[in-house]
Protein chains: 2
Amino acid sequence: MNKHRMTFQRKKILDEMRRYPGHQAAEAIYDRLKAEMPELSLSTVYRSLKGLADIGQVSISDLGDGLVFELINSEPHHHLVCLGCHAVLPLDNAEVTPFFKQIESRGFKIATTHLCLYGYCSACQEKGLFQ
Amino acid sequence: MNKHRMTFQRKKILDEMRRYPGHQAAEAIYDRLKAEMPELSLSTVYRSLKGLADIGQVSISDLGDGLVFELINSEPHHHLVCLGCHAVLPLDNAEVTPFFKQIESRGFKIATTHLCLYGYCSACQEKGLFQ
DNA sequence: TTAATTGCAAACTCTTTGCAGATAA
DNA sequence: TTATCTGCAAAGAGTTTGCAATTAA
């Protein structure tokens, strides 16, 4: 496997990843493409994503819930997740960047582009919905 | 499952975790205990660790290479996980606290006590093991 | 042409579950 | 006593691999 071919399946997978930026499981991509490509197989999705990772178009990470794939150019995006009401609040990248930069200044190159912090929103704190 | 019993197996598992502090896979604990408890089963190790997590003695995380279990020490502790070599590097709480404090200053109370950031250690960056 | 890719099915690893007997409280 | 726990085996997820047919370059 030295040369990489841009097959119909891989084009479709890339298109689909552009349509849904951010981390995605192989099966999520597969499920959505399956509608228009009923003969597509999940192993092709896995192999294509690894192939796309080889040529630097896709990143692969295991963030603790199975492999997730992401287009290399996706914008960093972060969230605060409320354990009380399950609200998902945006966390501005500008707020995260200095923290990441500080860590990177000592040699560790951070790949995390989707940070999730868990806790309690102000409404749930007032309701006493924490610890 | 409302009450938790401190069985022989769970005592041994706790002892073993005290002997090897830090993140451990269930199978690693199982393999070591198997020597002196040949009848021990891996499912008992998994269930005991989940039981110990229920009563707050053990934490469970998935750092990208399967579940790992760790004795709880009340201190928040954070890690940098290398996607290249799976090294787990400590991230000092003092470095994380100001970032958390800043977010909390706007009303969101963070409950996350074990932050994991994924990326590439300096050795893997040199090897080109990223992107 | 021909090495890379595909779909399918089966294999593999890690984790969970059902069950009947054993045991801590 | 009795709800919880155990070992075993089997089931489940998620991911990978072998194979013969297909296809991009």
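The sequence lines fix the lettering, A, B, ..., with proteins before strands; numbering per chain opens at 1. Everything quoted here is computed from the prediction, not taken from an experiment.
- Closest of all the heavy-atom pairs between A/Ile72 and A/Gly56 is CG1-O, 3.1 Å.
- Rounded to whole Å, atom P of D/dC8 lies 9 Å from atom CG of B/Leu40.
- B/Gln125 places a side-chain N or O within 3.5 Å of a backbone atom of A/Gly107 that can act as its donor or acceptor partner.
- Closest to the side chain of B/Tyr46, from the set D/dC5, C/dT15, C/dA3, is C/dT15.
- Closest contact between the side chain of B/Glu27 and the listed nucleotides C/dC14, C/dG7, D/dT15 involves C/dC14.
- Look at CG on B/Leu49: it is 12 Å from C1' on C/dT15, rounded to the nearest Å.
- Of the side-chain N and O atoms in B/Arg10, one or more sit less than 4.0 angstrom from OP1 or OP2 of D/dT6.
- A salt bridge (charged side-chain N to carboxylate O under 4.0 Å, His left out) with B/Asp15 holds for exactly one of B/Arg18, B/Lys11, B/Arg19; it is B/Arg18.
- For the pair A/Ile13 CD1 and C/dT6 P, the interatomic distance rounds to 7 Å; values are reported in whole Å.
- Distance, B/Lys11 NZ to D/dT6 C1': 15 Å, rounded to whole Å.
- A/Ile29 places its CD1 atom 11 Å from the P atom of D/dT15, with the value rounded to the nearest Å.
- When the C1' atom of C/dA24 is taken as reference, atom CD1 of B/Ile55 falls 14 Å away, rounded to whole Å.
- Nucleotides of DNA chain D nearest to B/Thr7 and A/Ala26 differ in position, and the one nearer the 5' end is that of B/Thr7.
- Of the listed nucleotides (D/dT16, C/dT15, D/dG7), C/dT15 has the atom at the smallest distance from the side chain of B/Leu42.
- Rounding to whole angstrom units, CE of residue B/Met6 and C1' of D/dC5 are separated by 12 Å.
- The distance from atom CD1 of A/Ile60 to atom P of D/dT16 is 8 Å, rounded to the nearest whole Å.
- Within the 4.5 Å cutoff, the side chain of A/Leu49 has heavy atoms near those of the A/Met17 side chain.
- With the nearest nucleotide of DNA chain C identified for both B/Arg5 and B/Ser43, B/Ser43 has the one nearer the 5' end.
- A distance-only check finds no donor-acceptor pair linking the side chain of A/Lys109 to the backbone of A/Glu104 [under 3.5 Å].
- Using a 4.0 Å cut-off, no side-chain N or O of A/Arg47 falls inside it from OP1 or OP2 of C/dT5.
- Proximity of B/Lys50 to the phosphate of C/dT16: a side-chain N or O atom is located under 4.0 Å from OP1 or OP2.
- Between B/Gln9 and D/dG7 there is a side-chain polar atom (N or O) within less than 4.0 angstrom of OP1 or OP2.
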